[in-house]
Amino acid sequence: MWCRRLAGLFQVPCRLSRSTRHRSLWLPHDRRTVPAAAARWHHTAPESLKCAWQLHGDHLELRYANTLMRFDFVWLRDHCRSASCYNAKTNQRSLDTASVDLAIKPKAVRVDETTLFLTWPDGHVTRYGLEWLVKNSYEGQKQQVMHPRILWNTEIYRQAQVPSVDCQSFLETDEGLKEFLQNFLLYGIAFVENVAPTKEDTQIVAERVSLIRETIYGRMWYFTSDFSRGDTAYTKLALDRHTDTTYFQEPCGIQVFHCLKHEGTGGRTLLVDGFYAAEQVLRQAPDQFELLSKVPLKHEYVENVGDCHNHMIGVGPVLNVYPWNNELYLIRYNNYDRAVINTVPYDVVHRWYAAHRTLTAELRRPENELWVKLKPGKALFIDNWRVLHGREAFTGYRQLCGCYLTRDDVLNTARLLGLQA
Ligand SMILES: C[N+](C)(C)CCCC[C@H](N)C(=O)O
Ligand SMILES: O=C(O)CCC(=O)C(=O)O
Ligand SMILES: [Fe+2]
């Protein structure tokens, strides 16, 4: 069980070609409403290959825009967009799904050039635009990614010459904010330049994008190497690449850093695209990728320093993928904060260590590392679900401020500006 390939990991999108072996089943067009018992192909126009459908005992099969879709009858009843089933003002379902007979079947089905019509046993009629069905069907979704991204190594990122946005245009124009967010969504990092080097100004910049996520570290935090908290971040030591708050059930979505002061040497910031590294693992060793996406483990934060007493535990795999299309959406990688592994039997744990090693080797390739020196005025936003950060050891006084953002609200802002997020 543990080692089974992810179903459809390499599956090509479910598109129907003309040479499909079902071809002989595609029967000529029939415009009449057909009783639900009919199990043969119907076309919307003679010879039309654009749209055809067939009723089966427990589902409707529909071919449209080169996509073969299968719809469960309860699904078709549940998503009815008629005024009594769906409130178009609030975009909310009014239908009580629990009142739908699980054995429901349409009494009659008809398809014209644009629309599917279903008549239910109680006489209720449901209509679906064929375009809507392609967009909203499982098969349609499977062919799409949720989040378009450009995976990068040092070379790819440098070649792309992604511009930083100027603070004024970021704060005052929608175009500035949109350009910033587009880069952030594509690369998982983005910079704002010419921010006044104070905590208050950093907060204004952060709040332009999202709500601040308050955590055990506060809302807006300052930190320096004073060991005021029981964590290596509050020292001058180097920090290897990691994502933050892996010990939360939902790790923070975005991290904002703004270096307010550094009088000394070292202290450069390291950035690595975790999804680029994970993709290399998927190519080289799909079984290892799968293991990393299936084996749940704990990360933990235990703190007892001064007045700070905290014990946080987060559970989840290193790689988190959407089950319907295997798209990676979250990497939890922090070897400092990884807890005792007690959720995995011994033979699996050994294979997990091997998989973790493969991923670590990719994450540590020098050609995947982006080193930047954060300076006062330059605020950095990091997608903490994707891009790992670290830092070089340093000397002297160094002060960083920043905050975490709630991911939902960053994506909300992006969608309102018309971006796919
Ligand atoms: C950013 N700030 C200094 C507030 C907190 C640092 C948290 C460090 C912790 N080891 C983690 O990786 O989550
Ligand atoms: O000091 C730094 O540059 C980053 C430290 C760190 O990893 C963190 O605060 O999350
Ligand atoms: Fe960190």
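We count ligands from 1, going down the list as the structure has it; atoms in each ligand are counted the same way. Only this structure's heavy atoms are used, side chains among them; waters, hydrogens and symmetry mates stay out.
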> Where do Q280 and Q284 land on the side-chain hydrogen bond (donor to acceptor under 3.5 Å, both in side chains) test, with the steps shown first?
Replying inline: CA-CA 6 Å; Q280 306 310 313; Q284 290 165 34; 5.3 Å; no
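The aromatic rings of Y187 and Y157 sit perpendicular to each other, their planes meeting at more than 60°, with 30° as the lower class boundary. Relative ring orientation between W385 and Y329 is described as tilted, the plane-to-plane angle lying within the 30° to 60° band.
Taking the centre and axis of the six-membered ring of F117, the NZ or CZ atom of R110 falls inside the cone set by 45° and 6.0 Å.
Taking CZ of F381 as the start and CZ of F180 as the end, the distance is 4.0 Å to the nearest 0.5 Å.
The pair D201-R208 does not count as a salt bridge, with every side-chain nitrogen at least 4.0 angstrom from each carboxylate oxygen. A salt bridge is absent between R149 and E279: the closest approach of a Lys/Arg side-chain nitrogen to an acidic carboxylate oxygen does not fall below 4.0 angstrom. Ion pair R241/E369 flagged as a salt bridge, since at least one NZ, NE, NH1 or NH2 atom sits closer than 4.0 Å to an Asp/Glu carboxylate oxygen. With respect to E367 and R365, a salt bridge is recorded, a charged nitrogen being found less than 4.0 Å from a carboxylate O. Contact check on D240 versus R364 returns a salt bridge, with a Lys/Arg side-chain nitrogen under 4.0 Å from an Asp/Glu carboxylate oxygen. The existence of a salt bridge linking D78 and R93 is confirmed by a sub-4.0 Å separation between a basic side-chain nitrogen and an acidic carboxylate oxygen.
Those atoms of ligand 2 that come under 4.0 Å of a heavy atom in Q255, given as number and element, are 10 (O). Distances below 4.0 Å separate heavy atoms of L239 from the following atoms of ligand 2: 5 (C), 6 (C), 7 (O). Near Y234, the atoms of ligand 1 lying under 4.0 angstrom from a non-hydrogen atom of the residue are 2 (N), 3 (C), 4 (C), 5 (C). Heavy-atom contacts of H242 reach the following atoms of ligand 2: 7 (O) (cutoff under 4.0 Å). Heavy-atom contacts of F223 reach the following atoms of ligand 1: 3 (C) (cutoff under 4.0 Å). When each atom of ligand 1 is checked for a heavy atom of H242 under 4.0 Å away, the hits are 12 (O). For ligand 1, the atoms sitting less than 4.0 Å from at least one non-hydrogen atom of N334 are 12 (O), numbered in the order shown with element in parentheses.
When non-hydrogen atoms are compared, ligand 2 lies under 4.0 Å from the side chain of L400 (C-beta onward) but not from its backbone. Contacts with ligand 1 closer than 4.0 Å are made by no heavy atom of L400, backbone or side chain. Looking at Q255 against ligand 1, only its side chain comes within 4.0 Å, counting heavy atoms. Residue contacts with ligand 1, taken as heavy atom pairs separated by less than 4.0 Å, do not involve T246 at all.
For atom 9 (O) of ligand 2, the closest heavy atom belonging to the protein is F223 CZ, 3.2 Å. In terms of protein heavy-atom proximity, atom 9 (C) of ligand 1 is closest to D231 OD2, 3.2 Å. When only non-hydrogen protein atoms are considered, atom 7 (C) of ligand 1 lies nearest to Y217 OH, 3.4 Å. Here the heavy atom of the protein found nearest to atom 5 (C) of ligand 1 is Y404 OH, 3.6 Å.
When Y301, Y247, Y336 are checked for heavy-atom proximity to atom 11 (C) of ligand 1, Y247 turns out nearest. Comparing heavy-atom distances from atom 1 (O) of ligand 2 across R391, Q399, K236 singles out R391 as nearest. The closest heavy-atom contact to atom 10 (O) of ligand 2, among the options D240, T232, T224, D244, comes from D244. Taking only non-hydrogen atoms, the option from Y217, Y404, Y336, F257 nearest to atom 4 (C) of ligand 2 is F257.
For E300 and H311, the side-chain atoms include at least one donor-acceptor pair closer than 3.5 Å.
Atoms NE2 of H389 and NE2 of H242, as seen from the Fe ion (ligand 3), are separated by an angle of 90°, to the nearest 10°.
On a distance-only criterion, W221 and ligand 1 share no N/O pair closer than 3.5 Å. Some N or O of H389 is nearer than 3.5 Å to an N or O of ligand 2, by distance alone. Considering backbone and side-chain atoms alike, R398 places an N or O below 3.5 Å from some N or O of ligand 2.
Per residue D244, closest N, O or S atom to the Fe ion (ligand 3): atom name OD1.
Between Y64 and K50 there is a side-chain heavy-atom pair separated by less than 4.5 Å.
Shown here for A421 and H147, the closest heavy-atom pair between the two residues is C-ND1, 3.6 Å.
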